[in-house]
There are 2 protein chains.
Amino acid sequence: MLRSRGLRLTAQRQLILEAVHDLGHATPEQVHNAVREVAAGVNITTIYRTLELLEELGLVTHTHLSHGSPTFHPVTDDQHVHLVCRSCKAVSEMDPALAEPLITALAKDRGFQVDIGHMALFGTCERCGDKS
Amino acid sequence: MLRSRGLRLTAQRQLILEAVHDLGHATPEQVHNAVREVAAGVNITTIYRTLELLEELGLVTHTHLSHGSPTFHPVTDDQHVHLVCRSCKAVSEMDPALAEPLITALAKDRGFQVDIGHMALFGTCERCGDKS
DNA sequence: CTAGGTGCAAATAGTTTGCAACTAC
DNA sequence: GTAGTTGCAAACTATTTGCACCTAG
């Protein structure tokens with residue numbers, strides 16, 4: 001798959017892709033930590049470069065979940081929309097089917113194609129909502 | 001309004017709030033530039049501190065629109081959802097009413113209260129979609 | 001007068017880039 | 001062998017913090 005592009009399959013790339021899959025969604029730094037547990041010497045720079053590459057290949061995507069760093073997640077499994085609680089920072093996922101009507105309406109009315117993989121909703125989760 | 005909190009009304013604060021209203025949505029840096037046109041000496045630090053303050057007071061909010069810096073916009077006018085084209089970077093707005101069903105469903109099914117002001121959808125706008 | 005604000009400089013955090021050493025193919 | 005990769009250090013950009021000076025009330 002990499003080879004078909006004239007690119008090389010290296011240990012680092014495998015580890016990083018694996019880490020993204022294991023973590024589900026993670027910042028570059030979290031990926032770095034995960035990878036380091038297996039191969040200590042891997043540099044953060046490589047994480048960035050590889051994530052960018054994997055994204056180009058369509059193997060992962062990223063979303064911006066409030067706090068600075070972007071969050072990467074594998075593309076393979078079904079699309080999912082992130083729900084981020086701004087109080088407890090928990091990230092959960094929802095079925096994109098719920099957003100279907102909205103997405104269809106936007107495409108029809110304005111010709112805007114929503115990228116579901118990058119979609120994130122901020123708000124307050126049940127637990128935090130109860131407290132307040 | 002500020003005074004009721006024991007805070008002071010300064011020229012900088014007025015200018016910054018005004019800039020956010022004028023710009024509609026802008027990054028801290030854009031606000032800085034706008035403010036500087038009127039009062040050259042204002043420091044970027046003050047922009048950050050004031051935006052944070054204004055957010056606490058509920059006068060502005062911010063959203064994360066892909067690229068690093070957050071985007072601030074006034075809270076006063078009706079809520080609006082941002083549509084960000086990942087190709088041409090254009091930011092437009094949509095009527096939050098379109099998202100109502102989704103929001104209601106989430107509240108009912110999972111108790112998740114979506115913060116509409118922070119909502120942003122990424123994708124491809126009509127113009128860029130045509131080209132590809 | 002004095003608590004709250006501001007500017008400045010330095011510290012941090014996150015990300016990118018140049019380059020020499022390294023290795024998959 | 002060689003082009004693609006990586007690690008390291010340095011450069012950047014975005015944001016935060018400490019502190020002395022300043023000013024609205």
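Below, chains carry the letters A, B, ... as their sequence lines are ordered, and counting in each starts from 1.
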| Parallel, tilted or perpendicular: ring planes of A/H82 versus A/H25, cut at 30 and 60 degrees |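 Because their plane-to-plane angle is over 60°, the rings of A/H82 and A/H25 count as perpendicular.
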
| message | Just to be sure I understand the rule, does B/S69 reach a base, reach only the sugar-phosphate, or reach nothing, if contact means heavy atoms closer than 4.0 Å? | response |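 It contacts sugar-phosphate atoms only.
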
| message | What contact category does A/I44 fall into here, base, sugar-phosphate, or nothing, at under 4.0 angstrom with non-hydrogen atoms? | response |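 Counting heavy atoms under 4.0 Å across all strands, no contact is made by A/I44.
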
Among [options], the nucleotide that comes nearest once only the side chain of [X] is considered:
X     : options               : value
A/T10 : D/dT6, D/dA14, C/dC25 : D/dT6
B/Y48 : D/dG25, D/dA14, D/dT6 : D/dA14
B/V42 : C/dG7, D/dA14, D/dG7  : C/dG7
A/T46 : C/dG7, C/dG14, D/dG7  : D/dG7

| query | Is the CD atom of A/Q14 crowded by more than 12 outside heavy atoms at less than 6.0 Å? | reply |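 Check passes, neighbour count above 12.
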
Without decimals, in angstroms, what is the distance between [X] [atom1] and [N] [atom2]?
X     : N      : atom1 : atom2 : answer
A/H64 : D/dA14 : NE2   : C1'   : 14 Å
A/R13 : C/dC22 : CZ    : P     : 19 Å
B/H62 : D/dT15 : NE2   : P     : 10 Å
A/H32 : D/dT6  : NE2   : C1'   : 12 Å
A/F72 : C/dG14 : CZ    : P     : 14 Å
A/I16 : D/dT5  : CD1   : P     : 12 Å

| message | Centroid separation under 6.0 Å, is that true for the rings of B/H21 and B/H73? | response |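 No - the distance between ring centres of B/H73 and B/H21 does not fall below the 6.0 Å cut-off.
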
| Distance-only donor-acceptor test (3.5 Å): side chain A/R8, base C/dT23 |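 Answer yes: a donor N or O sits under 3.5 Å from an acceptor.
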
| task | Go through the N and O atoms of the side chain of A/R49 and the base of D/dG4, and report whether any donor-acceptor pair is under 3.5 Å. | result |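 When only heavy-atom distances are counted, A/R49 does not reach the base of D/dG4 through any donor-acceptor pair under 3.5 Å.
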
| field | Residue mapping more 5' on DNA chain C - nearest nucleotide basis, A/L7 or A/T45 | value |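 Its nearest nucleotide lies further toward 5', so the answer is A/T45.
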
| message | Distance check, rounded to the nearest 0.5 Å: B/L17 atom CG versus B/L9 atom CG? | response |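 Reported value, rounded in 0.5 Å steps: 10.0 Å.
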
